[in-house]
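Following: one structure in structure tokens, then a few remarks.
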Protein chains: 2
Amino acid sequence: MPKETFFNLPQEKRTAIRQEAIAEFAAHPFNQASINRIVARSGIAKGSFYQYFADKKDLFLYLMQLAGEKKLEYMAPVMQQTDQHDFFSLLRELYVAGIRFARKHPEFAEISKRFMESKGTPLYEEVIANNMPTAYEFFETLLQQAIDRGDVRADIDVRMFAYLIASLNTLVLEYYSERVAQDYDEKMLTTVDKFIDFLRNGIGAPQAAMPPSQDRESFTAA
Amino acid sequence: MPKETFFNLPQEKRTAIRQEAIAEFAAHPFNQASINRIVARSGIAKGSFYQYFADKKDLFLYLMQLAGEKKLEYMAPVMQQTDQHDFFSLLRELYVAGIRFARKHPEFAEISKRFMESKGTPLYEEVIANNMPTAYEFFETLLQQAIDRGDVRADIDVRMFAYLIASLNTLVLEYYSERVAQDYDEKMLTTVDKFIDFLRNGIGAPQAAMPPSQDRESFTAA
DNA sequence: GAGTCACATGACTACCTGGTCACATTCTAC
DNA sequence: GTAGAATGTGACCAGGTAGTCATGTGACTC
């Protein structure tokens with residue numbers, strides 16, 4: 001957490017520092033991000049920086065917290081509607097919220113993404129340990145509920161699919177922003193819908209579909 | 001490419017350098033990997049290193065080439081059996097080959113993984129541009145053939161699913177090595193099979209399966 | 001023995017990093 | 001005005017980096 005001096009700063013200066021820090025960590029992974037650049041760009045002295053933050057990690061954790069808070073603003077409303085959706089449409093709303101967040105706050109999304117890729121580093125472990133239950137765990141309970149309600153096949157490996165669904169979340173986001181990108185709302189929804197339809201039904205042709213457990217004559221494609 | 005002097009080296013010394021370089025780039029991303037450490041560990045002088053390689057990038061590209069060659073040893077046999085499998089079982093073989101490669105050559109797999117995560121950097125663009133058609137393109141033609149043969153639903157977005165299947169390849173690998181790992185062959189096959197079954201059939205419960213194309217009166221949030 | 005050529009070497013350069021610290025400045029309270 | 005606390009500052013430190021280069025070495029040729 002930043003020191004008190006940081007919060008005593010005139011708002012203008014504070015947000016300037018914050019903006020430059022966000023930009024720096026969005027553009028470079030933790031070890032590559034440069035305090036020198038941040039202070040130069042935000043027009044403060046190096047010494048001042050260390051009056052606001054204990055060290056580089058302190059700043060980074062602060063930004064991670066900000067990112068988390070912002071993301072929660074997008075996810076929380078969806079979480080509260082769990083009863084009004086079946087599993088797949090809830091997932092759809094979660095994915096859509098994730099994309100909305102990434103579109104409105106690309107720097108935060110980038111920082112989070114970089115962070116996720118740092119799995120295995122001490123920094124990662126520290127943040128995860130101190131902060132949050134992972135998305136995996138969240139999806140695991142969600143998935144179990146879905147099975148109990150009959151929304152999802154009962155013969156699946158819950159742990160594995162929790163992992164897969166969490167990963168698919170970032171995957172749809174990457175695909176959307178890499179390949180579809182610009183015209184926001186319209187295509188976004190169809191992209192997400194395709195993913196969700198896939199989750200639900202797979203891509204096997206009707207005649208090729210084999211019953212995994214008991215018969216499930218599945219959908220009849222057009 | 002390394003200079004001639006490198007290939008003139010006594011084999012012992014050459015492989016020592018190569019091993020240490022592989023270990024270094026497996027443990028650190030490009031910018032973090034240290035030539036100083038490599039030369040110290042392989043017991044050669046800094047100056048000698050620059051008689052073998054033009055620069056750091058030169059070494060890295062060489063390792064990427066080695067990794068690619070090794071991986072091809074595992075994938076090529078599968079590629080030649082395209083006629084003997086339907087789409088999904090071919091995919092199964094490809095995934096399995098990928099895991100085998102990663103298990104036998106974890107350092108190479110790690111280097112490749114790190115590299116894939118560096119998407120967007122100039123180095124990435126350079127390697128991709130000079131070397132290879134991406135996995136996306138490969139899966140795209142494979143998928144189109146599968147549709148033509150009736151193995152796969154005809155109403156899917158081919159580009160998107162090529163992307164997804166390529167990504168799923170690394171995903172199954174990550175899941176396997178993170179969560180299942182140790183006892184090699186047996187569980188590996190069942191893990192892959194679960195992924196493949198999912199690709200084919202999705203995870204929707206039979207009664208929840210809806211026709212993908214027309215109507216499905218969406219999910220208007222309450 | 002002299003000359004030449006391939007390779008080996010490590011001190012060196014230029015440049016970066018995160019973090020410190022003695023000092024200067026400004027603000028607050030009396 | 002003046003004491004004292006809070007804040008600002010940039011030169012500086014120790015330690016890292018990739019890459020260079022003058023010098024050394026040993027083998028092979030004439």
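Protein chains get the first letters and strands the later ones, always in sequence-line order, with residue 1 at the start of each. Remember, predicted model here, so these are calculated numbers, not experimental data.
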Atom CD of A:Glu4 to atom C1' of D:dA5: distance rounded to whole Å?
13 Å

For D:dT20, take OP1 and OP2 only and decide whether either is under 4.0 Å from a side-chain N or O of B:Tyr50.
no

Looking for any heavy atom pair under 4.0 Å, which part of the strands does A:Phe53 touch: base, sugar-phosphate only, or nothing?
nothing

Roughly how far, to the nearest 0.5 Å, is the CD1 atom of B:Ile203 from the CG atom of A:Leu199?
5.5 Å

DNA chain C contacts made by residues 35-44 of chain B, counting heavy atoms under 4.0 Å
none

For chain A and DNA chain C, what are the first and last nucleotides along the strand, 5' to 3', with at least one atom under 4.0 angstrom from a heavy atom of the protein chain?
C:dT17 to C:dC21

Is the ring pair A:Phe53/A:Tyr62 parallel, tilted or perpendicular, if the boundaries are 30 and 60 degrees?
tilted

Looking at CD of A:Glu20 and OG1 of A:Thr15, how far apart are the two atoms once the value is rounded to the nearest 0.5 Å?
10.0 Å

What's the shortest heavy-atom distance between A:Phe30 and A:Lys56, and which atoms?
O-NZ, 2.7 Å

With ring centroids as reference points, do A:Tyr175 and B:Tyr136 lie under 6.0 angstrom apart?
no

Within the distance-only criterion (no hydrogens, no angle test), does the side chain of B:Arg14 pair as donor or acceptor with the backbone N or O of B:Leu9 below 3.5 angstrom?
yes

Has A:Gln11 got more than 12 heavy atoms of other residues, nucleotides or ligands less than 6.0 Å from its CD?
no

Any B:Ser34 side-chain nitrogen or oxygen under 4.0 Å from OP1 or OP2 of D:dT17:
yes

N or O in side chain of B:Lys46 less than 4.0 angstrom from D:dT17 OP1/OP2:
no

Answer with base, sugar-phosphate or nothing: what part of the nucleic acid does A:Leu9 contact at a heavy-atom distance below 4.0 Å?
sugar-phosphate

Just to be sure I understand the rule, does B:Phe6 reach a base, reach only the sugar-phosphate, or reach nothing, if contact means heavy atoms closer than 4.0 Å?
nothing

Rounded to the nearest 0.5 Å, how far apart are OG1 of B:Thr191 and CD1 of B:Ile196?
11.5 Å

What's the separation between atom CZ in A:Arg159 and atom OH in A:Tyr163, rounded to the nearest 0.5 Å?
10.5 Å

Under 4.0 Å, counting only non-hydrogen atoms across every strand here, what does B:Ala54 touch: a base, just sugar-phosphate, or nothing?
nothing

Scan B:Ser48 against the nucleic acid and name what it touches under 4.0 Å (heavy atoms): base, sugar-phosphate only, or nothing.
base

From CG of B:Asp55 over to P of D:dT17, roughly how many Å is that when rounded to an integer?
17 Å

Applying a 4.0 Å non-hydrogen cut-off, can you work out what A:Lys3 is touching in the nucleic acid: base, sugar-phosphate, or nothing?
nothing

